[in-house]
Amino acid sequence: MIPGLPALVEARISVPDPDAAKRIADDLVARQLAACVQVLGPMVSVYTWRGEVHRNEEWLLLVKTTESAFPRVVEVVRAIHAYDVPEVVAVPVLHSTDGYADWVRENSRGLTDRDVPEG
């Protein structure tokens, strides 16, 4: 990490279907809150919800962003996610190439709502 520059993070977001994955990925990139979103899946998640064990197919978004953009990533996801309690976690990126880090920072500065292109 370079002092004065935003730290890189990879946000992980699980979603119930490919349409939700596309919608969230497209929105985050259009708002320049993420330089890139990779969609992995399907995968199977086994979890406890309201006292019961569930097993569901999900997709995982790997969001390349910065620590400073992460709060806005969370806001966007909460506004459009289908789950009551969506998984949105940030994992610190400890090392990367300089060029990659510059690219993520450049493309994760965020746009105001009025500057987001219509899609």
Side-chain angles (χ1 to χ4, degrees):
M1 181 165 56
I2 300 172
L5 293 177
L8 301 186
V9 297
E10 180 180 83
R12 298 178 184 176
I13 303 165
S14 59
V15 297
D17 56 59
D19 291 336
K22 180 184 182 327
R23 185 173 58 254
I24 291 171
D26 288 349
D27 201 5
L28 292 175
V29 172
R31 292 175 182 277
Q32 291 188 12
L33 295 174
C36 172
V37 178
Q38 296 169 312
V39 179
L40 307 176
M43 63 183 187
V44 175
S45 291
V46 180
Y47 58 95
T48 301
W49 179 247
R50 297 188 174 152
E52 295 182 19
V53 175
H54 296 265
R55 177 184 302 267
N56 287 318
E57 191 171 81
E58 291 185 307
W59 279 253
L60 182 65
L61 306 180
L62 302 178
V63 180
K64 314 313 178 175
T65 190
T66 63
E67 186 175 38
S68 57
F70 183 72
R72 287 201 51 216
V73 168
V74 172
E75 285 177 25
V76 168
V77 171
R78 282 185 176 153
I80 61 177
H81 204 292
Y83 293 166
D84 292 337
V85 182
E87 172 193 10
V88 188
V89 299
V91 178
V93 175
L94 300 179
H95 305 283
S96 73
T97 61
D98 292 341
Y100 179 80
D102 292 343
W103 173 74
V104 171
R105 288 184 184 106
E106 178 68 28
N107 290 283
S108 299
R109 291 184 179 163
L111 296 175
T112 64
D113 286 342
R114 68 177 168 77
D115 291 333
V116 175
E118 296 291 324

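Because the structure is a prediction, the values reported are computed rather than measured.
Note: L60 CG to M43 CE = 4.5 Å, rounded to the nearest 0.5 Å. To the nearest 0.5 Å, the span separating CD on Q38 from CG on L61 amounts to 10.0 Å. For the atom pair OG1 of T66 and CD of E10, the computed distance is 13.5 Å after rounding to the nearest 0.5 Å. Summarising the geometry, atom CH2 belonging to W103 is positioned 11.0 Å from atom OG belonging to S96; distances are rounded to the nearest 0.5 Å.
Scanning both residues, V104 and A35, for their nearest heavy atoms gives CA-CB, 3.7 Å. Nearest heavy atom pair, residue Y83 against residue S14, reads CE1-O, 4.0 Å. Closest approach of V9 to P92, counting heavy atoms only: CG1-CA, 4.2 Å. When all heavy atoms of W59 and P16 are compared, the pair lying nearest together is CZ3-O, 3.5 Å.
Hydrophobic cluster membership differs between L40 and L28, with clusters built from Ile, Leu, Val, Met, Phe, Trp and Tyr side chains linked at under 4.5 angstrom. V74 is connected to V63 through a chain of hydrophobic side-chain contacts under 4.5 Å among Ile, Leu, Val, Met, Phe, Trp and Tyr, so both are in one cluster. V76 and V15 fall within the same hydrophobic cluster, where Ile, Leu, Val, Met, Phe, Trp and Tyr residues are linked whenever their side-chain heavy atoms come under 4.5 Å apart, directly or through other members. By the criterion of side-chain heavy atoms lying less than 4.5 angstrom apart, applied directly or through intervening Ile, Leu, Val, Met, Phe, Trp or Tyr residues, V88 is grouped together with V37 in one hydrophobic cluster. Note on V29: it clusters hydrophobically with V77, by side-chain heavy-atom contacts below 4.5 Å among ILVMFWY residues.
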* What's the verdict on salt bridge (charged side-chain N to carboxylate O under 4.0 Å, His left out) for E52 and R50, showing C-alpha distance, side-chain angles and the deciding distance? -> CA-CA 6 Å; E52 295 182 19; R50 297 188 174 152; over 6 Å; no
* To do: Given side chain to side chain contact (heavy atoms under 4.5 Å, CB included), test R105 with D102 step by step and report yes or no.
  => CA-CA 5 Å; R105 288 184 184 106; D102 292 343; 4.1 Å; yes
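Using a 4.0 Å cut-off between charged nitrogen and carboxylate oxygen, E106 and R109 count as a salt-bridge pair.
Between the side chain of R12 and the main chain of V91, no donor-acceptor pair closer than 3.5 Å is present. Judged by distance alone, with hydrogens and angles left aside, the side-chain atoms of R72 form a donor-acceptor pair with the main-chain N or O of L111 at under 3.5 Å. Judged by distance alone, with hydrogens and angles left aside, the side-chain atoms of T65 form no donor-acceptor pair with the main-chain N or O of S108 at under 3.5 Å.
More than 12 heavy atoms of other residues, nucleotides or ligands sit less than 6.0 Å from atom NE2 of H54.
Among E57, R55, E58, the one residue that satisfies the side chain to side chain donor-acceptor pair (under 3.5 Å) test with S45 is E58.
When hydrophobic side chains of Ile, Leu, Val, Met, Phe, Trp and Tyr are connected at separations under 4.5 Å, V89 ends up as a singleton with no cluster partners.
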